[in-house]
Amino acid sequence: MKNTILFCMLLGSAVSAQVNRFFYEYRFIPDSNNKTEVKTEMMLLDIDKNGSNYYSHDKFVADSIGRADLEKQLKAGGGSISVNRREKPGQVSYKVTKEYPDFKTYLFRNISVDKYKIKEDKKTEWNILPDKQKIGEYNAQKATTSFGGREWTAWFTTEIPFQDGPYKFYGLPGLIVKIEDATGSHSMVLAGNKTVKATEAEKETQLPENVKILGLFGKEIEVTKEQFKKAWKAYVNDPTKNMRELMMKNGGDTNSKVAFKVKTADGREFSDPNQVFREMEKRTKESLQKDNNPIEPDLVN
């Protein structure tokens with residue numbers, strides 16, 4: 001793995017179309033009341049000369065398949081569009097981008113049907129310690145920080161001279177190869193790396209004027225962390241508000257039709273809007289109760 005990294009960096013100035021892709025195994029405990037349930041997601045950190053992107057591998061694959069399927073349906077025409085849930089949609093829906101050289105950092109998250117772009121307003125302050133340890137193939141050094149409502153311990157290596165890392169973490173004299181919070185609820189460990197060709201920016205799928213796909217397309221709403229916290233609290237109090245408003249907005253438009261269907265665990269299917277919203281609200285509140293241990297508590301509490 002070391003040779004691959006060194007080779008890539010030597011070619012970096014000559015081959016601008018190369019991306020350094022680092023694979024992180026992300027282990028997390030979503031429910032603080034059930035610490036035996038540990039989930040795992042493979043996360044990708046793509047680094048090029050302009051910055052980095054951190055996102056879920058499974059979500060990226062699912063979104064790409066969904067986009068291709070939707071474009072196929074649009075080309076075929078017809079009176080309806082079907083958007084089905086993928087088998088492996090990804091357990092981590094957010095992504096984080098950093099822009100070099102000043103490491104301007106953004107978190108991208110959805111709330112219901114709205115997409116948010118949240119600017120990070122605090123620079124991580126590190127305490128670099130003399131402790132050293134072998135993490136995988138790399139000689140690493142210890143550092144600690146307080147961020148997002150958690151205490152974190154990181155291990156970085158100067159053998160990979162990118163001052164970056166998973167999630168919003170950066171600013172150490174080398175790549176972060178492992179980072180974990182003090183409670184053991186969130187842990188990200190470098191699992192591998194390779195170089196890949198940079199892909200061109202995906203073109204936005206062009207939908208007919210009377211077609212809207214909830215939560216899939218459209219521009220992000222750029223907000224501060226305080227503005228996001230306000231939107232999140234409103235969502236927790238009333239999870240279906242945005243969808244009800246969308247339905248009311250389109251209800252009187254003869255050229256638009258919004259239809260929802262939901263299937264319960266016992267196989268019952270609802271299409272009546274009132275029943276659908278009641279079931280959605282019930283599911284969302286149950287899910288939120290079990291997803292009470294976020295990576296960044298200060299963002300939602």
Side-chain angles (χ1 to χ4, degrees), residues 1-12 15-30 38-65 86-100 103 105-109 124 133-143 147 152-181 184-199 201-202 295-296:
M1 186 157 64
K2 289 184 183 178
N3 292 337
T4 303
I5 286 294
L6 292 172
F7 180 69
C8 174
M9 289 188 294
L10 286 170
L11 291 182
V15 185
S16 60
Q18 292 290 313
V19 171
N20 297 278
R21 174 166 292 173
F22 297 93
F23 298 81
Y24 285 87
E25 184 182 67
Y26 175 35
R27 295 172 62 84
F28 60 103
I29 300 172
V38 181
K39 295 189 175 182
T40 303
E41 186 92 342
M42 184 58 68
M43 304 294 291
L44 307 181
L45 177 66
D46 288 351
I47 298 178
D48 63 20
K49 63 179 182 179
N50 298 314
S52 66
N53 291 281
Y54 180 72
Y55 56 97
S56 159
H57 172 268
D58 283 351
K59 185 177 186 304
F60 173 76
V61 172
D63 287 352
S64 297
I65 294 173
R86 301 292 156 187
E87 287 186 11
K88 295 178 67 177
Q91 302 174 96
V92 178
S93 60
Y94 62 75
K95 73 173 181 178
V96 175
T97 65
K98 306 185 190 90
E99 299 174 7
Y100 299 164
F103 284 88
T105 303
Y106 291 97
L107 171 67
F108 294 79
R109 279 192 59 172
T124 306
Q133 183 178 316
K134 195 91 168 179
I135 304 292
E137 297 183 30
Y138 298 103
N139 296 307
Q141 187 169 346
K142 187 177 182 180
F147 178 79
W152 297 89
T153 297
W155 295 88
F156 67 93
T157 179
T158 56
E159 295 169 10
I160 309 177
F162 293 117
Q163 296 184 10
D164 212 328
Y167 196 58
K168 296 181 179 180
F169 300 106
Y170 70 92
L172 287 167
L175 187 74
I176 296 170
V177 293
K178 180 179 180 180
I179 186 164
E180 184 176 22
D181 82 298
S185 297
H186 297 268
S187 171
M188 290 152 276
V189 181
L190 182 65
N193 66 274
K194 68 178 182 179
T195 57
V196 296
K197 288 184 178 180
T199 56
E202 291 185 345
I295 188 170
E296 197 175 343

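The figures here come from the full heavy-atom set of this structure, side chains too, leaving out hydrogens, waters and symmetry mates.
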For a 4.5 angstrom cut-off between non-hydrogen side-chain atoms, does [X] reach [Y]?
X	Y	result
F147	Y167	yes
T105	V96	yes
L44	F23	yes
E99	Y106	yes
Q91	D58	no
E25	T40	yes
T124	W152	no
Q18	K197	yes

### Message
Enumerate the salt bridge (charged side-chain N to carboxylate O under 4.0 Å, His left out) contacts for residues 162-181, please, sequence neighbours excluded, ordered by first and then second residue.
### Response
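Residue pairs passing salt bridge (charged side-chain N to carboxylate O under 4.0 Å, His left out), neighbours aside: K98-D164, E120-K168, R150-D181, K168-E296.
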
Which heavy atom of [X] sits nearest a heavy atom of [Y], and at what distance?
X	Y	value
N20	F22	CB-CE1, 3.7 Å
L172	A154	CD1-CB, 4.3 Å
F156	P173	CE1-CD, 3.6 Å
R27	V38	NH2-CG1, 3.7 Å
S56	G90	OG-CA, 4.2 Å
I176	G165	CB-CA, 4.1 Å

### Task
Given side-chain contact (heavy atoms from CB on, under 4.5 Å), test L175 with L45 step by step and report yes or no.
CA-CA 11 Å; L175 187 74; L45 177 66; 4.2 Å; yes

[X] side, atom [atom1]; [Y] side, atom [atom2] - distance, nearest 0.5 Å:
X	Y	atom1	atom2	value
T97	Y54	OG1	OH	14.0 Å
N139	T157	CG	OG1	6.5 Å
M43	L190	CE	CG	13.5 Å

### Task
Could you tell me if the ring centre of F28 sits under 6.0 Å from that of Y26?
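Judged by ring-centre distance (under 6.0 Å), F28 and Y26 do meet the cut-off.
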
### Message
Would you say the rings of Y170 and F162 are close, in the sense that their centroids are separated by under 6.0 Å?
### Response
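Distance test on ring centres: not under 6.0 Å, no.
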
#### Entry: side-chain contact (heavy atoms from CB on, under 4.5 Å) evaluation trace for I295 with M188
CA-CA 11 Å; I295 188 170; M188 290 152 276; 4.0 Å; yes

### Those residues that, when tested against S93, pass side chain to side chain contact (heavy atoms under 4.5 Å, CB included) (two or more places apart)
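Per chain and number, S93 pairs via side chain to side chain contact (heavy atoms under 4.5 Å, CB included) with K59.
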
### Message
Any donor-acceptor pair under 3.5 Å linking the side-chain atoms of Y100 with those of D48?
### Response
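Result is no, nothing qualifies.
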
### Task
Please report the C-alpha distance between T153 and I179 in whole Å, then the side-chain angles of each, then the deciding distance to 0.1 Å, and finally whether the side-chain contact (heavy atoms from CB on, under 4.5 Å) criterion is met.
CA-CA 6 Å; T153 297; I179 186 164; over 6 Å; no

